[in-house]
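One structure below.
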Amino acid sequence: MSTASLVADLVRAFRAEGRIVIVGASLAGLRAAEALRERGFRGPLTLIGDESHQPYDRPPLSKQVLGGRVRADHTELPRMRAVDADWRLGVAATGLDRVNRQVLLATGDTVPYDRLLIATGVRARPWPNPAERALQGVFTLRTCDDAARLQAALRQGPKRVLVVGSGFVGSEITSVCCALGLSVTVTERGGGPLAGPLGGVVADITARMQRDAGVDLRTGVSVQALDGDADGQVRCARLSDGTTVEADVVVASLGSIRNVEWLAGARLAAGFWGVGCDAGCRAFDINGVVTDNIFVAGDVARQPHVLYEYQFISMEHWDNAVCGAQVAANNMLSLETERRPHLPLPSYWSAQFGVNIKGVGVCSFADEIVFTQGSPGDYRFAAAYGHRGRTIGAVTFDHGKWLQYYAAMIERSAPFPPPAPGYDRAADPIPVPARFPDPRVPTEIPDVVLTGHDPTSRCAEFQ
């Protein structure tokens, strides 16, 4: 028997009898399980998730659910096909034994695997002071339970809502509160809303958009403390500029934390920015050596991208979770020549204050920005981002039909500034500094982060 025939027999045997475990039972985990079955995997399949809910969709939580248009428990993800899996929901993974190929659970059980997919995602960064976090009326938003609790609080008609942080989620929450007729104050220690993902030039526009909608926007300040009454209800916030804001609902929108703590001691390249992996979704160990049986997908993955100088990129986007899961599933079952790369062009959208915001590429990698179409003053425009003379990102406000045009420019590394389409050109198409803030500021970390070239940099302790 030839070596090729022997290897092919081993692959067929693994597809029939191998054990695959997926840790993370959300969007990436579900889509990976479906893709595995679609590609002919018939062996035992286990999905482990710390939430008790079946996989559900998160984007509607800060939009339709808070606005009362959709119930939080009506956001379950559609199933593309049956997965015939052992679902371990409501139990967290607490450790990984790579030597014996076992996932350790909070119940004390162990789950053996032949191949493992890490899809544990992220969680909301909590309010830092535990006593203040425990006050009634203090919320974060990440899970469907979070959304249900916050929606119930907003339905009670609070006198004022304080939103701490103005990234995409914080700004969407603010927009919903305005639509509900609630008084809203936003504190942002950066220069303006969306400064992290889109830069200071666009932040000036979004700041004006929020203030036009009646938002009390405070930039360049942070919340020093939250005060409650004798009943444990939050009543006011003390700010770094010495002022106070009275509020009976406070939403901490401080970014996210990647769920990697359970990997402590597993000697993988896991840390603050996620789990390092190659473009084929195979995890790196702590020394940068690629593993053969551990894969990573979704928000927790961190992998190199050819369009961005092969820097490692972390993406908290819906498309990244779906496409990454499908690539990981394919590569878990394939020989080397049949493996595929996961090289997505990041894309995202947000609905705020009646404006549809869509973006593509890694805008925060840019040095410059240029308005190519429409009018920023009317909140209807397209803008391109450049880095060292190359187009690397774009954003549109109510101009989304042109996004594919800019995506094609980014994919072929077109010169910056790019040629605008034939009509609706901006009045002043001159590049200016994009003014991105320091990404190390927690509330300014964008949804897409470039984290360097070394798979273990900022992620692992050298041993």
Side-chain angles (χ1 to χ4, degrees), residues 190-192 194-206 273 279 302-315 317 319-320 341-349 357-377 380-397 399-441 444-455 457-458:
L194 307 184
L198 299 179
V201 173
V202 174
D204 292 343
I205 297 169
T206 55
W273 295 112
R302 176 177 176 255
Q303 54 204 141
H305 202 299
V306 62
L307 287 177
Y308 298 99
E309 300 178 352
Y310 291 97
Q311 287 199 40
F312 280 68
I313 184 172
S314 296
M315 288 177 277
H317 289 166
D319 288 349
N320 174 57
H342 177 48
L343 296 172
L345 186 63
S347 62
Y348 50 92
W349 72 277
I357 302 173
K358 292 185 176 181
V360 66
V362 186
C363 298
S364 57
F365 189 50
D367 307 307
E368 296 180 293
I369 184 174
V370 61
F371 292 101
T372 53
Q373 293 176 273
S375 170
R380 185 190 60 80
F381 63 86
Y385 291 81
H387 176 72
R388 297 180 182 174
R390 185 166 60 88
T391 300
I392 54 87
V395 67
T396 63
F397 279 45
H399 236 56
K401 66 181 180 181
W402 291 105
L403 205 61
Q404 288 305 311
Y405 171 83
Y406 294 101
M409 293 283 182
I410 298 166
E411 287 175 336
R412 65 173 182 263
S413 296
F416 177 84
Y423 63 93
D424 196 23
R425 296 192 177 188
D428 191 19
I430 299 174
V432 297
R435 292 167 35 211
F436 279 98
D438 187 334
R440 292 170 296 183
V441 178
E444 288 294 341
I445 292 177
D447 294 337
V448 179
V449 184
L450 289 167
T451 62
H453 300 80
D454 181 351
S457 68
R458 305 190 193 180

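All values below come from the heavy atoms of this structure, side chains included, with hydrogens, waters and symmetry mates left out. Counting begins at 1 with the first residue of the sequence.
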Show the nearest heavy-atom pair for residues [X] and [Y], with the distance to one decimal.
X: P418; Y: V370; result: CD-CG1, 4.4 Å
X: I410; Y: G393; result: CD1-CA, 3.5 Å
X: L345; Y: G361; result: CD1-CA, 4.0 Å
X: Y308; Y: V362; result: OH-N, 3.1 Å
X: S347; Y: H317; result: O-ND1, 3.4 Å
X: G400; Y: K358; result: CA-CD, 4.1 Å

Self-check item: Worked verdict on T391 versus Y406 for side chain to side chain contact (heavy atoms under 4.5 Å, CB included)
Solution: CA-CA 9 Å; T391 300; Y406 294 101; 5.8 Å; no
inquiry  = One pair to check against side chain to side chain contact (heavy atoms under 4.5 Å, CB included): I357 and V395. What are the steps and the verdict?
reply    = CA-CA 7 Å; I357 302 173; V395 67; 4.0 Å; yes
Just how far is it from atom [atom1] of [X] to atom [atom2] of [Y], taken to the nearest 0.5 Å?
X: H305; Y: L307; atom1: NE2; atom2: CG; result: 5.0 Å
X: Y348; Y: D319; atom1: OH; atom2: CG; result: 12.5 Å
X: T206; Y: F397; atom1: OG1; atom2: CZ; result: 6.0 Å
X: D424; Y: S375; atom1: CG; atom2: OG; result: 9.0 Å
X: Q303; Y: I313; atom1: CD; atom2: CD1; result: 8.5 Å
X: N320; Y: S314; atom1: CG; atom2: OG; result: 9.0 Å

*Report the C-alpha distance between Y385 and L198 in whole Å, list the side-chain angles of each, state the deciding distance to 0.1 Å, and finish with yes or no for side chain to side chain contact (heavy atoms under 4.5 Å, CB included).*
CA-CA 9 Å; Y385 291 81; L198 299 179; 3.6 Å; yes
### Query
Parallel, tilted or perpendicular: which describes the rings of F371 and F381, with under 30° parallel and over 60° perpendicular?
perpendicular
Stepwise side chain to side chain contact (heavy atoms under 4.5 Å, CB included) check, F365 with R390 | CA-CA 11 Å; F365 189 50; R390 185 166 60 88; 4.2 Å; yes
